[in-house]
Each structure stands twice: as structure tokens, then as C-alpha cells.
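Numbering of residues begins at 1 and proceeds along the displayed sequence.
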Amino acid sequence: MFTQFSSSRFLGMAFAFLQRFKQQRIYTFSQLFAFGLSLTLAISACSLSANNNGTTQTASPNPVASGTTIRIGYQKASTVLYALKARGELEKVFATSGSSVTWSEFPAGPPMLEALNAGSIDFGYTGESPPIFAQAAGIPLVYVAYDPWSPKAEAIIVPKDSPIKSVAELKGKKVTFAKGSNANYLLVKALEKAGVQYSEIQLATLPPADARAAFEGKKVDAWAIWDPYLAAAEAATGARTLADATELAPNRGYYLAAKSFVDAKPDVLKIVLDRVKKVSDWAKNNPNEVAKFLSPALGIDAPVLEIAEKRREYDVLPLTDEVITKQQEIADTFYKIKLIPKKIKVKEIVWQGKVNN
């Protein structure tokens, strides 16, 4: 049964009552129609603003089996999913079918994909490197969309008073980074360009919070890191940039899903991506508001976050041959330096469905 909107609520209720008598024969049609109507109304009614005054109207039912739970992994620094969680947009969409959304927070991409492998989450977002490690480890995941992010949003930095002036001078030095992260690949490519072997530096693999402590405590010589932690370190310590990812690494982000979820619930995945796209568009057009929104959660001042927001890009796009080829280059590089145990083919786990734009 689908919902008709009219100027008379009474007539709407009477129509709905009459529809119940024909429900069995038109069930399939009404389900499909309601789905299309639901998305159309959601698109027209959704208003993303800082004060959350916008309202979202959706028609019911939607093509989600009653009692379905959609499980999403997120990081606070991953703006779009964190904002989607805070706004409760998905919950509004799925509530009409008696379905629910659960959220699990992770400190970084690799543990998130481990949770996906364990069957604890269905969908998440990471940088470009974690899915490569995951695929090499046999985790059944699928690339479903990508986010352009920005090569300016990650860099290799040193303390402001460091004698190190170039990436080449990192030879023999201790460098901290999150293993398997986008910054890991940036470090590999920057060293390669400078003529330094990856094996010729001292590796100190740490998550961002621990890495910052080590960096500020002068326990490491350099730090490969991404925004907003990069912007925070620059503001707090005056850190100098040796190299950002320009002409070294694409620094893209990827929306990923468990293969079992994609195979069993492609319509649900499309609804999720539709909502992700709407929040992404809001973030792209409102860097000031995004900064204010993230500040309390990340413990970083809004002006600092605004710097990070203004040097990154947002979107939710289908993977093109060019994007797949570049991701394959990253995988081949990691295999070459023995960061992953076997060769992989990225294109084998790219979703062939359509991203709604």
C-alpha cells in the first residue's frame, strides 16, 4: 500500500482504507511505486543545514524487509558518515518498514574492515589503502563508490625546528604513520621519488592519537598523516610539510560493503548511497558548518577544521577505469615492497551497480 498526499487528510485516510481491500493483487506494484515515491519525496524535502531545521518526508513502504538491520561502521573524522549518523536520516527512511540502523565507531580503516570480515558491519568508508590490505587478506568486500578527497589533505610533516629539509633526508630516520592507511602509500611514493628505499627508514606504525603524542614528544623524526589531524598538528605545533600527496598519491576515499550485503540487499545499498550523497553534497557546499559540526566530536577548534575542509573535496561517484587502474597501482606497489602477501586484482571486487547521482 502506498501513501497518497492530498489537501484533505480525511480523504487520504479513506483512500488508504479502500486500498487495503486490493492489497494482495497490487502488492508488487505498490511496493515499486512507493519506493520511487519515497526517494523522490526525500530528495525534494531533505534540507541539510547546520541548525538541522530541515525536514525529510518519505513515503512508505520501502523495499526493505521488515526487521532488517543495516550495520554501518564509521570514524568521527570521516565527515559524511559521522554527519549521517548524527542527523538520523537513514533511520527516518527505514523506520517505515520496521527496519533499523546500527552504528559502530572505529579509530581507523583497517579495524573497520576486520569488523566487516567478522560480519559485524555491512558498510563503511576508508582511505585507499585499507581495502587493498583487506582484499589481500581474503576479506569479502566490494568497492561501491569513491570520494575524490584531495592530495592536499595528507602530508609528511616534521617539527618546525627539525633540521630535516627534504624527504631524502628521512633515510635512517624514524617516521610514524598508520600502517595500511592512505598516508602509508604517500610515504612509500615520496621515498621512492626521493631515491630512498622503504627499508631504509625506521618504521613507527601508530594510530593518529599516539602518533601525534610521539611527534610532539620528539620521539619520531617525521609523521605521515591526513586531515583533520594534519591541520591540527600544523596549528598546534607549527609543523613543516616535506611533501603532500600532489603528483604522488590520489588520496581518494572509498565506500565499501560486505559482499554478502551487496549480493542480498542491493536495493538497500542504493538507499544508503543516496543518503550518503545528500550529506556529501552538503559537506561540499558548507565547509564552515562542517567545521563547527565536527569540532566538539574531534576536540579540534573549528577554524582549524575549516582549513582542512577547504582543501578537500567531496562526492559519491562510481569507480571508473581510471580510478580502478590507480588503485591497482597502489596494490602493485604494496606487493612489490612486501606489504601485502600476494598480488590482487582490484577490478574483481568492484560493484557493477549504479551509484545514484
Candidates R311, K310, R312 - the one meeting salt bridge (charged side-chain N to carboxylate O under 4.0 Å, His left out) with D227: R311

Between the side chains of T325 and Q328, does any donor sit under 3.5 Å from an acceptor? no

Testing K174, K173, K171 one by one against E200 for a salt bridge (charged side-chain N to carboxylate O under 4.0 Å, His left out), which residue passes? K171

So do D315 and K284 actually touch side chain to side chain, heavy atoms under 4.5 Å? yes

Are more than 12 heavy atoms, taken from residues, nucleotides or ligands other than K326, located less than 6.0 Å from that residue's NZ atom? yes

Between the side chains of S129 and S181, does any donor sit under 3.5 Å from an acceptor? no

Please tell me whether W223 and E216 have a donor and an acceptor in their side chains that are separated by less than 3.5 angstrom. no

Mark yes when over 12 heavy atoms from residues, nucleotides or ligands other than D321 sit less than 6.0 Å from its CG; otherwise mark no. no

Indicate whether any N or O donor in one side chain lies under 3.5 Å from an N or O acceptor in the other, for E234 and Y229. no

Any side-chain donor-acceptor pair under 3.5 Å between T79 and Y314? yes

Polar contact flag, side-chain donor to acceptor under 3.5 angstrom, Y146-Q327: no

Any idea how Y255 and Y125 line up, ring-wise: parallel (<30°), tilted (30 to 60°), or perpendicular (>60°)? tilted

Salt bridge (charged side-chain N to carboxylate O under 4.0 Å, His left out) between D122 and R71, worked out: CA-CA 5 Å; D122 303 308; R71 304 166 302 171; 2.8 Å; yes

